[in-house]
> 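My questions will all concern the structure given below.
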Amino acid sequence: MLYTPEHAPRLLTQEQEEQVHGYAMRICEEIGLDVLHQDARKLLEEAGQKVEGDRVYFDRGFVMEQLAKAPHTFTLHARNPENTVEVGGGTPLWMGVGGPPFLSDLDEGRRAGTLEGHDTFIKLTQASSPLNCAQTGACEPTKMDVNSRHLDMEYSTLRWSDLPYTTYGTSGPKARDGIEMARIVHGGDLGDRTALMGVVNSVSPLIWDFRMVDALIAWAESNQATIVTPFLLGGATAAVSVAGGLAQQVAEALSGVAIAQTVRPGAPCLYGSFFQATDMRSGAPALGTPESIFGVFAGAQLARRYGLPFRGGGGLCSSNAVDAQAAAESSFMLWATMLAGTDVVLHAAGWLEGGLTASLEKFALDVELLEQLQVQQRGVGFSEEEFAFDALKELGPGGLWLAAQHTMDHFREWQYISPLFITQDFTTWSAAGGEETAARANRRWKQLLETYEDPGIDADTDAELIAYMDRRKAEPPPEED
């Protein structure tokens, strides 16, 4: 079987891995990180860490002691128990894009994100067999109230999908809303069950801001999973060198895990990697480059060193259009993501324009790539029937396999037939209208949407979710700082 952590390439030698760790611990101890959350600083100081103003100096022994409390795997409970999964247990979680303020397709072009667009991406995720996890925030409905639209996006995820999911949480209050809505969906009491994952990004270099720490605290307190992900752009928010960026990544990620474990020992945490280059010609993120690939392989290797599930990679690209650049960048990234044995993959389908746009055609193309990669992951069969000896004996030398019953019986099972890519010769293709890939992708996402089956939701649960949203929208916006 291909693409498992056991088969993953090691980018770093043992000596290089130790060097990265050593420099990361020096960053924690000698430089420290600014933690802009008074309660978190107090907890860390009470735990014996040196605190000077906003700066916390994390002792390496403390960091490793806290890290050891985080589980190597955890169960992520879906509202449909059949979709519950063990994160870090060998089943990767793949989900669509999250976070873009823009939405695009060939029919209406690039436009501001809408709640209807968000619903569409969630439904497509539910309908796409390679995707087994949903992500709230598929596209931001930017014309809705910034203080309450997270409620509508969270409802969209819970209503139109019954998959496990990543919540929306750019602050403590928003994270707590997501937790409360998860409680409602799970019968009013989560207990110690983990029902969602949330992402926190450090403000690189070396800052944990109030909103992110407040969200982290909310998830840790309720035993929800925190994906601790430094957002590193080499030459901008991290050193231009890969080695320097990796050391900073470890320092930021492990300090975040240490904070979560100080709040609640045993709270689920993931080692997250978003490691990209900066194009020095424009200052824009450069995704799908060799540095991006290094970041995926090294991040996965380091996560395994620290005993944490790994979040990384995805169908990332810098291209502004669904073109050859987008295909190349995303193919490089998804191949590396699969080969590295990644546990959780955000932005696996639909990412365009450096993450500013959620593209429906790009979604269809990424799903196609994932389908092929997952066929590869299953590997090759070696049954008696697959060796085809008896069929060959019957066919004899010079026989035509195309006409053989063995071929007719098994080609659908043993050969991948793409619903999107074509193999026609030029004359046939041209006579049929010469349709290019983007146009076929436009038709493909619509076909996928037609196959969507509403998982349904209990009427009382639905009413309670809507009542909670209405009540929260009527309240004044919370103080977040």
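Positions are given from 1, in the same order as the sequence printed here. The figures that follow rest on heavy atoms only: side chains count, while hydrogens, waters and symmetry mates do not.
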> May I ask you to test the Arg311-Val228 pair for a side-chain heavy-atom distance under 4.5 Å?
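Side-chain contact under 4.5 Å: no.
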> Is there side-chain contact between Ser129 and Glu371, with heavy atoms separated by less than 4.5 Å?
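Contact flag for Ser129/Glu371 side chains = yes.
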> Can you check whether Met333 reaches His347 side chain to side chain, under 4.5 Å on heavy atoms?
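The answer is no, as the side chains (C-beta and beyond) never meet within the 4.5 Å cut-off.
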> Less than 4.0 angstrom from a charged side-chain N to a carboxylate O is my criterion; do Lys123 and Asp454 meet it?
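No, no charged N to carboxylate O under 4.0 Å.
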> Does the pair Arg110/Glu353 count as a salt bridge with the N-to-O cut at 4.0 Å?
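Answer for the salt bridge query: yes.
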> Is there a side-chain contact between Met212 and His37 (heavy atoms, below 4.5 Å)?
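Side-chain contact under 4.5 Å: no.
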> Do Arg440 and Arg444 have side chains that approach each other closer than 4.5 Å (heavy atoms only, starting at C-beta)?
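No, too far: nothing below the 4.5 Å cut-off.
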> Ignoring hydrogens and geometry beyond distance, is a side-chain donor-acceptor pair present between Thr166 and Gln135 at under 3.5 Å?
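There is no such pair (donor and acceptor under 3.5 Å, judged by atom type) between the side chains of Thr166 and Gln135.
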> Measure the acute angle between the ring planes of Tyr306 and His21, then classify it against the limits of 30° and 60° as parallel, tilted or perpendicular.
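Aromatic pair Tyr306/His21 classed tilted.
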> Run the salt bridge (charged side-chain N to carboxylate O under 4.0 Å, His left out) check on Asp458 and Arg79 step by step: do they pass?
CA-CA 11 Å; Asp458 174 76; Arg79 73 177 179 93; over 6 Å; no
> Within the 4.5 Å heavy-atom criterion, are Leu246 and Phe275 side-chain neighbours or not?
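When only atoms from C-beta onward are counted, Phe275 and Leu246 do touch, with a gap below 4.5 Å.
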> Taking the six-membered ring for Trp, are Phe274 and Phe231 parallel (under 30°), tilted (30 to 60°) or perpendicular (over 60°)?
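It falls in the parallel class, under 30°.
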> Say whether Gln276 and Thr289, considering side chains only, have a donor N or O and an acceptor N or O under 3.5 Å apart.
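Judged by distance alone, the side chains do not pair up.
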> For a quick check under 3.5 Å, do Ser330 and Lys362 share a side-chain donor-acceptor pair by atom type?
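Judged by distance alone, the side chains do pair up.
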> Taking the basic N atoms (NZ, or NE/NH1/NH2) and the acidic carboxylate oxygens, is any pair closer than 4.0 Å for Lys446 and Asp105?
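No, no charged N to carboxylate O under 4.0 Å.
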> Can you confirm whether Leu302 sits close enough to Phe310 that some side-chain heavy atom of one is under 4.5 Å from a side-chain heavy atom of the other?
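Counting from C-beta outward, Leu302 and Phe310 never come under 4.5 Å.
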> Does the distance from a Lys or Arg side-chain N to an Asp or Glu carboxylate O, for Arg281 and Asp279, drop under 4.0 Å?
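Asp279 and Arg281: salt-bridged.
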> May I ask you to check whether Tyr168 and Asp177 show a side-chain donor-acceptor distance below 3.5 Å?
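Note: Tyr168 and Asp177 side chains miss the donor-acceptor criterion.
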> Apply salt bridge (charged side-chain N to carboxylate O under 4.0 Å, His left out) to Glu435 and list each qualifying residue two or more places apart in sequence or on a separate chain.
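Partners of Glu435 under the salt bridge (charged side-chain N to carboxylate O under 4.0 Å, His left out) test: Arg443.
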> Evaluate the side-chain proximity of Leu44 to Phe58: yes if any heavy-atom separation is below 4.5 Å, no if none is.
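Side chain of Phe58 against side chain of Leu44, heavy atoms only: contact under 4.5 Å found.
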> Quick one: do the Thr194 and Gln224 side chains pair a donor with an acceptor below 3.5 Å?
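Distance-only check fails for Thr194 and Gln224.
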> Is a donor from one side chain sitting under 3.5 angstrom from an acceptor on the other, for Thr114 and Glu116?
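There is no such pair (donor and acceptor under 3.5 Å, judged by atom type) between the side chains of Thr114 and Glu116.
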> Can you see whether Gln372 engages Gln376 through a side-chain donor-acceptor pair at a distance of less than 3.5 angstrom?
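On atom types as modelled, these side chains do not qualify, holding no pair under 3.5 Å.
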